[in-house]
Amino acid sequence: MRETFLDMPFIRYGCCSRWSCGVVCFSSGSSSCEMIGWFTREVEENGKLPFLDCLVSHNDNSLRTTVYRKPTHTDRLLDESSYNPTSHKATTIRTLTRRAQLVCDSTDSLSDENKYLHRVFTKNNYNNDFIRRNTHRPTTTNETNDTATPTTTATIPYIKGMSENISRILLPFNIRVAHRPITTLRQLLTNVKDKDEPRNRQGTIYKINCSDCQASYIGETGRNLTTRLTEHRRATRKGDVSNHIAEHHRLTNHNIDWDSAQCLTYSTDYFQRLTLESWFTNLEQTPLNRCQQLPAPYKRLIHDINITNDRKRTT
């Protein structure tokens, strides 16, 4: 064995039974070799030998390469109907066609590989136009790359249809867009802590109904609902005039439906809770509580929602 083996991925010499040498070896019936070092050894089968993603075959003194796939390969790719960015799907086609052009060393093997890839892409629901537009086309050395290097990258949650439009809008400004999923597998499968019960969750906007009329109370608290209900009940028993629920009970002698108290939404931000409290209060017909004024756009939305709800009640 010559000492130039370090520069050669394949060595066309056999190995003696005592030593295993060479990264990969084609068997040629040689009975001896010089011991250089210890390496792994892989023997050809039917004149073919897989090496990474290449399938190398030898004919006389020449080597031929084509794309290699494991026997367990299922032709399963990123499906066209999957909820993934279009750029990821285009990259799937571009990467595989580029690999075929780099690995296949003959026109026939490249043609066969392209036909095989076309069947695989079709099997994964890609249409012919999408395959044609995203097939890799090698550039010549004389061609220059006119694509400017992006000045910055914007990472946004991926929403099908909308994210692609944002990418096209930012492209003239030389801003690259990277997509991230809204919900990850970690969020779906990993629960480090047990979820709190709705009434034990901190930062809640809640609703308490009157049992004898349509009146309701919308409130917010940075604590949990259980603690706030205890305070409302205590105020009602004592007849606290500063508490709107207690005042309604004192004036009308109506019963308060404590058991049906519910959490409408949650927020740990104080100003968000105030805005949400005002929003839900304005949606009620007979609210017991006072709240801050909402900006005009919110009032228009609430007006439209109330009209829609009135129509549903009459039908």
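Because the structure is a prediction, the values reported are computed rather than measured.
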Give a yes or no answer on whether the side chain of [X] reaches the backbone of [Y] with a donor-acceptor pair at less than 3.5 Å.
X      : Y      : answer
Ser211 : Asp257 : yes
Ser278 : Gln292 : yes
Asn253 : His249 : no
Asn46  : Lys48  : no
Ser163 : Ile159 : yes

Nearest non-hydrogen partners of [X] and [Y], listed with the distance:
X      : Y      : result
Asp79  : Lys89  : O-CE, 3.8 Å
Asn124 : Leu77  : OD1-N, 3.0 Å
Ala235 : Ala246 : O-CB, 3.4 Å
Glu164 : Pro85  : OE2-CA, 4.0 Å
Asn289 : Ser216 : OD1-O, 4.3 Å

Salt-bridge contact [X]-[Y] (side-chain N to carboxylate O under 4.0 Å):
X      : Y      : value
Asp129 : Arg132 : yes
Arg234 : Glu231 : no
Asp269 : Arg273 : no
Glu113 : Arg69  : yes

### Task
Applying side chain to side chain donor-acceptor pair (under 3.5 Å), run through Ser82 and Asn84 and close with a yes or a no.
CA-CA 6 Å; Ser82 62; Asn84 286 278; 3.1 Å; yes

If hydrophobic clusters are built by linking Ile, Leu, Val, Met, Phe, Trp and Tyr wherever their side-chain heavy atoms come under 4.5 Å apart, do [X] and [Y] end up in the same one?
X      : Y      : result
Phe271 : Tyr266 : no
Met162 : Leu171 : no
Ile182 : Ile156 : yes
Ile169 : Val177 : no
Leu117 : Val67  : no

### Query
Is the distance between the ring centroids of Tyr217 and His248 less than 6.0 Å?
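No, they do not, as the ring centres are separated by 6.0 Å or more.
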
### Query
What about Tyr158 and Tyr83, are their ring centers closer than 6.0 Å?
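Ring centroids of Tyr158 and Tyr83 are less than 6.0 Å from each other.
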
Between [X] and [Y], is any pair of side-chain heavy atoms under 4.5 Å apart?
X      : Y      : value
Arg199 : Leu229 : yes
Glu284 : Ile218 : yes
Leu55  : Thr65  : no
Glu220 : Leu276 : no
Leu301 : Trp279 : yes
Leu96  : Tyr116 : no
Asn128 : Phe121 : no
Tyr206 : Arg228 : yes

### Query
Can you name the side chain to side chain donor-acceptor pair (under 3.5 Å) partners of Tyr126, sequence neighbours left out?
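Listed in chain order: nothing, the list is empty.
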
### Task
Mind checking side chain to side chain donor-acceptor pair (under 3.5 Å) for Thr227 and listing every partner two or more places apart, or none if nothing turns up?
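For Thr227, the residues satisfying side chain to side chain donor-acceptor pair (under 3.5 Å) (neighbours in sequence not counted) are Asn224.
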
Look up atom [atom1] in [X] and atom [atom2] in [Y], then write down how far apart they are to the nearest 0.5 Å.
X      : Y      : atom1 : atom2 : value
Leu110 : Gln101 : CG    : CD    : 6.5 Å
Ile93  : Glu80  : CD1   : CD    : 9.0 Å
Ile205 : Thr275 : CD1   : OG1   : 9.5 Å
His88  : Thr95  : NE2   : OG1   : 11.0 Å
Ser267 : Leu274 : OG    : CG    : 9.5 Å
Asp212 : Asn255 : CG    : CG    : 5.0 Å

### Query
What's the verdict on side chain to side chain contact (heavy atoms under 4.5 Å, CB included) for Asn282 and Cys291, showing C-alpha distance, side-chain angles and the deciding distance?
CA-CA 9 Å; Asn282 283 274; Cys291 62; 4.0 Å; yes

### Set of residues satisfying salt bridge (Lys or Arg N to Asp or Glu O under 4.0 Å) with respect to Arg137, sequence neighbours excluded
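Counting only residues at least two positions away or on another chain, Arg137 forms no salt bridge (Lys or Arg N to Asp or Glu O under 4.0 Å).
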
### Task
Mind running side chain to side chain contact (heavy atoms under 4.5 Å, CB included) on Ile245 and Trp258 for me, showing each step along the way?
CA-CA 11 Å; Ile245 298 178; Trp258 303 108; 3.9 Å; yes

### Query
How far apart are the C-alpha atoms of Arg64 and His58, what are their side-chain angles, what is the distance that settles it, and do they pass the side chain to side chain contact (heavy atoms under 4.5 Å, CB included) test?
CA-CA 6 Å; Arg64 294 293 183 181; His58 73 89; over 6 Å; no

### Message
Between Thr286 and Gln214, does the side chain to side chain donor-acceptor pair (under 3.5 Å) criterion hold? Intermediate values first, please.
### Response
CA-CA 7 Å; Thr286 53; Gln214 298 297 321; over 6 Å; no

### Query
In terms of heavy-atom contacts, does CD of Glu45 have more than 12 from other residues, nucleotides or ligands at under 6.0 Å?
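No.
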
### Query
So does Arg133 have more than 12 non-hydrogen atoms from other groups sitting under 6.0 Å from CZ?
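Enclosed.
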
### side chain to side chain contact (heavy atoms under 4.5 Å, CB included) between Phe280 and Leu264, intermediate numbers included
CA-CA 9 Å; Phe280 286 108; Leu264 299 177; 3.7 Å; yes

